[in-house]
Amino acid sequence: MSMVSVDVTQNGSVRSIDTLCTAAEIDECLSRLSDRQRPLNIERQRSCDERSLSELSMGLSPHPFSRNADNSFRFMDHPDGVLTPGRRSGFNTPRSPNVFETHPMVAEAWESLRHALVFFRGQPVGTIAALDSSEENLNYDQVFVRDFVPSALAFLMNGEPEIVKNFLLKTLRLQSWEKKIDRFQLGEGVMPASFKVLHDPVRNTETLMADFGESAIGRVAPVDSGFWWIILLRAYTKSTGDSSLAEMPECQKGMRLILSLCLSEGFDTFPTLLCADGCCMIDRRMGVYGYPIEIQALFFLALRCALLLLKQDAEGKEFVERIAKRLHALSYHMRSYFWLDLKQLNDIYRYKTEEYSHTAVNKFNIMPDSLPEWVFDFMPTHGGYFIGNVGPSNMDFRWFCLGNCIAILSSLATPEQSIAIMDLIESRWQELVGEMPLKACYPAIESHEWRIITGCDPKNTSWSYHNGGSWPVLLWLLTAACIKTGRPQSARRAIELAETRLSKDNWPEYYDGKLGRYIGKQARKHQTWSVAGYLVAKMMLEDPSHLGMVALEEDKQMKPILKRSASWTL
Ligand code: GLC
């Protein structure tokens with residue numbers, strides 16, 4: 001464990017940035033980059049939703065809670081701790097009462113979310129992973145970077161950006177800490193998986209303790225943390241209209257350090273990012289090593305966000321150029337080789353193997369015999385998805401929810417592919433949503449395969465936890481994807497399912513079983529991201545303009561290049 005003492009410094013450098021960049025704009029930027037004489041001047045254009053959000057937060061106090069003498073917190077408006085949740089998001093006055101009615105769970109969820117707040121030297125800096133006193137804490141008493149994302153979005157949507165800013169600055173300071181596992185030093189840009197506030201009652205001091213993988217079960221560094229950090233920085237900037245945080249030299253450097261890790265040149269033959277098993281939400285051995293979809297989609301979204309946030313100064317320019325090239329290559333690769341629909345499945349089924357040279361159709365030498373039986377039934381006539389992993393003689397055909405939703409939000413998926421993914425979710429609703437949204441991964445791996453792939457992991461038995469378990473947190477991602485593709489009714493259907501049980505079951509971390517009917521074997525109760533995921537889903541459905549915080553429109557310039565040589569058709 002690294003002991004880190006953190007204090008916040010703020011630097012209010014002011015410069016405008018664009019909020020949505022197309023390939024044409026990137027090309028323009030690049031051509032300007034080569035012209036050393038001309039200074040760049042990219043004007044920020046605030047969208048309507050952005051404006052309404054920042055106006056909503058105008059004149060409001062930074063956060064409606066403060067500390068009691070005993071270090072517990074209370075709400076300013078209600079000293080007895082009783083909160084009027086969602087006050088600022090208009091939950092008490094829904095905009096379209098016929099369509100959207102305030103559910104009693106919303107108030108309860110806000111209360112839980114505020115109870116989960118973690119303070120450092122008097123400031124809220126994050127939310128604890130779970131508040132379940134009945135189970136052993138392990139690391140659930142920490143603030144996880146990935147877990148905080150839905151909490152952060154809920155606070156941003158509610159006009160409370162301060163906690164998000166504090167979190168971004170604290171984790172940035174943690175990034176600069178020296179990270180070692182035994183005698184090996186990790187890359188400078190690695191962001192922590194989680195951190196914790198340590199109170200010393202004798203000296204009355206507080207310090208932060210971070211975990212970069214050196215304490216994590218399996219000792220794996222969180223590749224997703226850095227990407228989520230960049231994505232959140234953009235969400236903060238978009239929601240508040242305040243670009244000064246992203247423009248701080250510290251934030252610019254933090255971004256560059258993260259990008260250096262994933263844009264470095266090596267032995268790679270693919271633009272996708274090579275990863276160890278368990279380096280993301282699925283943080284245990286689950287056969288997601290290689291090129292997992294979750295990381296590739298987050299990588300793509302983070303690159304697009306970074307492109308919008310990076311300054312075009314001497315250091316930033318080089319990164320903008322590298323990002324633009326990588327985005328082109330990455331989208332081509334993903335859209336061509338990770339995409340699976342009926343036609344593509346049929347093509348693979350008929351593949352010839354052992355082809356050599358650039359004329360090969362079966363480029364990765366996939367053996368048709370490796371196609372799992374379930375995939376033939378699972379694939380609907382209309383629909384498709386990005387499969388779990390593609391590498392040499394390896395296609396992992398499993399469905400992963402997070403990666404596919406992020407592919408829609410980031411526009412890694414073309415509009416046609418996005419529609420196809422939603423078609424698949426709707427056709428396979430029973431399998432993917434069942435009685436509780438939403439399967440993190442489908443289907444479960446069983447018996448011999450489970451032994452080989454998970455290493456006999458008793459937490460990841462079939463249809464449990466990461467191995468086919470259902471995770472309520474994914475509700476916000478599904479909702480966002482539904483809104484982006486114009487299918488709010490599917491989101492509503494999933495939310496209504498969650499509302500039948502989530503609160504009664506005390507907000508479990510995950511559910512087990514083919515239909516997600518049972519509270520997970522080792523699931524924590526009062527899991528914060530289950531609470532926050534629900535709130536974000538509700539708020540987004542109520543006000544779809546919130547989508548802009550986490551979604552980017554398609555970069556139209558990428559399409560023609562793809563159409564020329566892509567093997568799939570839609
Ligand atoms: C579990 C999840 C991981 C999450 C952590 C804290 O380990 O797999 O994704 O970040 O719990 O909730």
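Atoms within a ligand are numbered from 1 in the order they appear, just like the ligands themselves.
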Is it true that [Y] and [X] share a donor-acceptor pair across their side chains at a distance under 3.5 Å?
| X | Y | answer |
| --- | --- | --- |
| W450 | S462 | no |
| Q522 | Y510 | no |
| D505 | Y511 | yes |
| E509 | Y140 | yes |
| W399 | E431 | no |

Within a distance under 4.0 Å of any heavy atom of [X], pick out the atoms of ligand 1 and give their elements.
| X | answer |
| --- | --- |
| Q527 | 12 (O) |
| M281 | 2 (C), 3 (C), 8 (O), 9 (O) |
| E509 | 1 (C), 11 (O) |
| Y465 | 1 (C), 2 (C), 7 (O), 8 (O) |

Margin query: Can you report which non-hydrogen protein atom sits closest to atom 10 (O) of ligand 1, along with the distance?
Written below: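 In this structure, atom 10 (O) of ligand 1 has D147 OD1, 2.6 Å as its nearest protein heavy atom.
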Next item on the list: Would you kindly specify which portion of H466 sits under 4.0 Å from ligand 1, judged on non-hydrogen atoms: side chain, backbone, both or neither?
Entry: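 The side chain, only.
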Next item on the list: For atom 3 (C) of ligand 1, state which one of D283, V473, T528 supplies the nearest heavy atom.
Entry: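 Result: the heavy atom closest to atom 3 (C) of ligand 1 is in D283.
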Check: Just distances here: any N/O of W529 and N/O of ligand 1 closer than 3.5 Å?
Finding: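 N/O-N/O distance under 3.5 Å: no.
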Margin query: If I apply the N/O under 3.5 Å rule, does I282 come out as touching ligand 1?
Written below: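 Between I282 and ligand 1 (N or O atoms, distance only) the closest approach is not under 3.5 Å.
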Item checked: Backbone of L475 reached by a side-chain donor or acceptor of T479 within 3.5 Å ->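 A pair under 3.5 Å: yes.
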Next item on the list: Give the ring-plane orientation class for F227 versus F299, where under 30° counts as parallel, over 60° as perpendicular and anything between as tilted.
Entry: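 Ring orientation, 0 to 90° scale: parallel.
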